[in-house]
Amino acid sequence: MEIANDMPNIPRTQIDNSMAKAKPLKLGWSTEETETIAKVLNQLLANYSVHYQKLRNYHWNVKGSDFFDLHERFEQQYNEARINIDEIAERIRVFGKVPLSTMREYLETAEIKETGSDLPSDLMVREVLSDFRVLLESMFDVVDVAVDLGDSGTEEMIKGFIHDIEKHHWMLSAFMAK
Ligand SMILES: [Fe+2]
């Protein structure tokens, strides 16, 4: 029995050429798409990394009657920040991109700015609250891009961070209202 051959007669060289021209995909996303998501994730990574070091600064150098409360609170915050920073950097690696990894890159890229070490404790808390608002804006930017690209993994990860930081913002604001 003869098998019908409905396949068009495309030369092998032509097939190979068309495949060579196709853009490589990473987990189903194009190079442009992974660059877009890596860019906003790196922006968040830079902001978070400067914020992390500020928390360590304030943990070490806070003074005054709130010392025990704030020394402890800043430590809790930087431990959470350390874990989230790692998640963000490794998410960038998932897409085959390179996370910003040096202090110079963080300081050049971040919207969050460093402060000195000799701030009064209430100004340290105000700095942390202000940083939270910048981090949230940076996270909303990541969610917008992730939703546009159908990147559920990044969207879910960042939404968890948003939920936690909004709660920390409430608690530290309440602390300042005493
Ligand atoms: Fe400590």
Side-chain angles (χ1 to χ4, degrees), residues 34 37-147 151-178:
T34 54
I37 194 78
K39 186 164 189 281
V40 284
L41 282 170
N42 263 324
Q43 185 67 41
L44 175 60
L45 180 63
N47 276 321
Y48 227 148
S49 298
V50 175
H51 172 67
Y52 169 80
Q53 190 55 35
K54 285 172 76 172
L55 289 166
R56 302 214 63 162
N57 179 352
Y58 299 164
H59 167 74
W60 293 326
N61 295 302
V62 66
K63 293 190 204 107
S65 58
D66 295 327
F67 174 85
F68 289 106
D69 285 342
L70 288 177
H71 178 71
E72 176 81 19
R73 167 52 64 171
F74 293 146
E75 181 170 3
Q76 288 167 359
Q77 293 295 155
Y78 76 61
N79 280 329
E80 181 180 293
R82 177 175 50 79
I83 292 166
N84 292 356
I85 285 167
D86 198 49
E87 291 289 321
I88 295 162
E90 291 180 0
R91 187 72 191 163
I92 294 168
R93 293 300 297 142
V94 163
F95 292 111
K97 300 296 175 190
V98 180
L100 297 180
S101 304
T102 66
M103 300 306 290
R104 183 191 300 269
E105 288 170 315
Y106 295 147
L107 290 170
E108 284 173 357
T109 307
E111 287 123 350
I112 290 177
K113 298 300 172 201
E114 290 191 301
T115 71
S117 305
D118 55 353
L119 274 62
S121 63
D122 61 325
L123 287 189
M124 288 180 174
V125 175
R126 287 191 194 289
E127 276 291 320
V128 171
L129 284 168
S130 167
D131 288 0
F132 283 160
R133 293 190 288 273
V134 176
L135 285 174
L136 286 169
E137 285 302 320
S138 200
M139 288 175 184
F140 296 147
D141 289 344
V142 176
V143 169
D144 283 348
V145 170
V147 168
D151 173 9
S152 304
T154 299
E155 182 190 349
E156 184 186 29
M157 177 182 82
I158 300 295
K159 281 182 171 174
F161 299 163
I162 289 171
H163 173 270
D164 293 342
I165 289 187
E166 285 175 340
K167 189 166 181 179
H168 299 323
H169 189 277
W170 156 55
M171 289 184 167
L172 269 186
S173 299
F175 177 83
M176 291 300 286
K178 68 182 177 177

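Keep in mind it's a predicted model, so treat the numbers as computed, not measured. Just so you know, ligand 1 is whichever comes first in the structure, and atom 1 is the first atom listed for that ligand.
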Requested in this report: Just the protein N/O/S atoms under 2.8 Å from the Fe ion (ligand 1), please, no waters.
Outcome: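 As for protein N, O or S atoms lying under 2.8 Å from the Fe ion (ligand 1), they are His59 NE2.
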Query raised in the report: Which one of Tyr78, Phe132, Tyr106 satisfies the ring-ring contact (aromatic ring centres under 6.0 Å, His included) criterion with His51?
Result: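 For His51, the ring-ring contact (aromatic ring centres under 6.0 Å, His included) check succeeds only for Phe132.
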Query - Pair Tyr48, Ser138: side-chain N/O donor-acceptor within cut-off below 3.5 Å - result: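 No pair is found: no donor N or O on one side chain lies under 3.5 Å from an acceptor on the other.
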Query raised in the report: Are there more than 12 heavy atoms of other residues, nucleotides or ligands under 6.0 Å from atom CD of Glu156?
Result: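 Counting neighbours around CD of Glu156, 12 or fewer heavy atoms of other residues, nucleotides or ligands fall under 6.0 Å, so no.
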**Report entry** From CA spacing to verdict: side chain to side chain contact (heavy atoms under 4.5 Å, CB included), Val128, Lys54
**Finding:** CA-CA 8 Å; Val128 171; Lys54 285 172 76 172; over 6 Å; no
Query - Distance-minimising heavy-atom pair for Leu107 and Lys113 - result: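 Closest heavy-atom pair between Leu107 and Lys113: O-NZ, 4.2 Å.
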Requested in this report: Return the minimal non-hydrogen interatomic distance between Leu45 and Pro99, and the atom names on each side.
Outcome: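 It is CD2-CB, 3.7 Å.
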